[in-house]
Amino acid sequence: MSDNKSVFIIAEAGVNHNGSLDLAKKLVSAAKDSGSDAVKFQTFKAEKLVRRDVKQAAYQTANTGIEESQYEMLKRLELSDEEHEELNNFCIQKDIKFMSTPFDLDSIDFLASLKMEIWKIASGEITNVPYLRKVAAVAKDIILSTGMSTLEEVEFAVNIIKSTGFDLTRLTLLHATSEYPCPVNEVNLKAMITLRDKFNVKVGYSDHTQGIHIPFLASAMGAEVIEKHFTLDRNLEGPDHKSSLEPNELLEMVTHIRQLPFVLGTGEKKPSISESKNIVLARKYIVAKQDIKIGDVFSGINLDTMRAGGELSARHWDNVIGKRSDRDYMLGEKVKIEELNK
């Protein structure tokens, strides 16, 4: 993944290809054009993922407008092994990282055969012991979403992964709220910091809110990975399109996040290069409030501070008050720096 000075951005295509390889490739191209580091899909066989009588989530029914089982919906959204291989090769051609979240054990074996390096574990797998062990055995890097989880459940998953001998410096925990779209008042970005402090690992944020401002805030708070759903068109049929960014919005989000190293800066408090020229124009300098004769005592009666374009800074006020003037000054004239050195 990218170094600690930049954010690794995952453009989450998920199942927004609607089962079409052609649409999936267009999503890859859009992700590349946005400047994202990776494009992520989902790998599953519906019959191994869900029982045929399990209902859709409420948001899925609302977004699709179709009353059907999860199995019926997911079956239409599968990509074959051959299509995955073609997508992986297409990502290599486009020079963008191919990622896919496996949802069953066989899919883990298949993605390992593609030599996928960065593995994303979905929030729903955080209590799935055999799944966690199997991913940890093949992954170089793991990104684990923690939506719907208590801190104890996250600790459980981390310990399972650690028990396999996996190097936790290669683990990133993503804070997430598994609702689509996520209400802004349930984002709880501070939980990301809790994860970082508790487990001493890299952290990030998987965003399900509408818009792009929350991922930007998460990045400013220290997220090293950002994941965001996107689609070519929110009006397409499917469970996730309505809560996804369109390509122009994804580009805008990535652009803002890429500016963060420059926005956050070094932390050293000093005038910037561009503002330095404005110091002499914006700051106040000591001037004569009335005519002053040589030998007069400087005081608040005969001195004032104004924007004067330079000379004796108002910060020296206390050093000048009480001294005697060594020259005549006219009303509004700048007091000379030499008055300090008498």
Side-chain angles (χ1 to χ4, degrees), residues 2-9 35 175 184-185 187-198 200 202-205 207 209 211-226 249 251-342:
S2 55
D3 62 41
N4 290 335
K5 294 182 180 178
S6 59
V7 179
F8 188 79
I9 301 176
H175 172 57
V184 172
N185 64 336
V187 169
N188 191 21
L189 279 182
K190 287 184 178 180
M192 181 180 72
I193 307 305
T194 299
L195 293 173
R196 182 193 65 192
D197 294 346
K198 169 69 174 177
N200 193 30
K202 295 187 289 292
V203 294
Y205 176 61
D207 184 55
T209 64
I212 67 173
H213 60 294
I214 304 298
F216 181 81
L217 289 173
S219 300
M221 289 176 63
E224 295 186 44
V225 175
I226 290 291
E249 296 167 318
L251 173 61
E252 185 179 6
M253 184 195 81
V254 174
T255 300
H256 287 324
I257 291 174
R258 296 295 185 226
Q259 291 173 343
L260 266 174
F262 308 104
V263 173
L264 294 176
T266 65
E268 181 183 1
K269 181 56 185 167
K270 64 178 184 179
S272 71
I273 294 172
S274 64
E275 72 176 342
S276 294
K277 65 182 181 298
N278 298 323
I279 293 174
V280 72
L281 301 176
R283 289 186 175 173
K284 300 294 182 60
Y285 297 85
I286 301 174
V287 299
K289 193 174 182 180
Q290 61 188 38
D291 290 344
I292 299 174
K293 300 296 184 182
I294 188 169
D296 286 354
V297 176
F298 290 129
S299 69
I301 295 174
N302 59 17
L303 293 182
D304 203 351
T305 62
M306 296 179 67
R307 289 182 178 179
E311 198 66 62
L312 186 57
S313 170
R315 69 175 293 169
H316 296 299
W317 180 266
D318 288 343
N319 297 322
V320 172
I321 296 298
K323 287 188 174 182
R324 293 186 180 275
S325 177
D326 63 0
R327 68 191 71 196
D328 294 336
Y329 289 98
M330 296 177 61
L331 169 65
E333 187 176 350
K334 293 187 284 188
V335 174
K336 303 298 181 183
I337 292 177
E338 290 83 353
E339 299 285 9
L340 284 178
N341 303 321
K342 294 185 298 179

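Scope of the values below: all heavy atoms of this structure, side chains included, with no hydrogens, waters or symmetry mates. What you are looking at is a predicted structure, and each value in this text was computed from that prediction instead of being measured.
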(request) Check whether any side-chain heavy atom of Tyr329 sits under 4.5 Å from a side-chain heavy atom of Val287, and report yes or no. (result) no

Let me check something: any side-chain donor-acceptor pairs from residues 294-316 under 3.5 Å, sequence neighbours excluded? List them with distances.
from	atom 1	to	atom 2	distance (Å)
Asp296	OD2	Lys293	N	2.9
Ser299	OG	Ile301	N	3.1
Asn302	OD1	Ser299	N	2.8
Asn302	ND2	Val297	O	2.9
Arg307	NE	Ala282	O	3.4
Glu311	OE2	Ile337	N	3.2
Ser313	OG	Arg315	N	3.1

(message) Less than 4.5 Å apart, side chain to side chain, heavy atoms only: is that true for His175 and Val203?
(response) no

(message) To the closest 0.5 Å, what do you measure between CD1 (Ile257) and OG (Ser219)?
(response) 3.5 Å

(message) Given 3.5 Å as the limit, does a donor-acceptor pair link the side chain of Arg258 with the main chain of Gly35, or not?
(response) yes

(request) With sequence neighbours left out, write down each residue that passes side chain to side chain contact (heavy atoms under 4.5 Å, CB included) with Leu217, or none if nothing qualifies. (result) Leu189, Ile214

(request) Write down the atom of Ser325, the atom of Ile292, and the distance for their closest heavy-atom approach. (result) CB-CG2, 4.0 Å

(request) Assess whether atom CG of Asn200 is packed by more than 12 heavy atoms of other residues, nucleotides or ligands within 6.0 Å. (result) no

(request) Kindly say whether Pro215 contributes a backbone atom to a donor-acceptor pair with the side chain of His256 at under 3.5 angstrom? (result) no

(request) Taking all non-hydrogen atoms of both residues into account, name the closest pair between Val7 and Ala223 and its distance. (result) CG2-O, 3.6 Å

(message) Filter on salt bridge (Lys or Arg N to Asp or Glu O under 4.0 Å), then keep only pairs touching residues 263-275, sequence neighbours left out; what's left?
(response) Glu268-Lys270

(message) Could you tell me if the side chain of Lys202 sits less than 4.5 Å from the side chain of Val225, heavy atoms only?
(response) no

(request) Report the distance from atom CZ of Arg283 to atom CG of Asn278, rounding to the nearest 0.5 Å. (result) 11.0 Å

(request) Kindly indicate whether the side chain of Phe216, heavy atoms from C-beta on, has any atom under 4.5 Å from the side chain of Ile226. (result) no

(message) Are the side chains of Glu339 and Lys323 in contact, using a 4.5 Å heavy-atom criterion?
(response) no

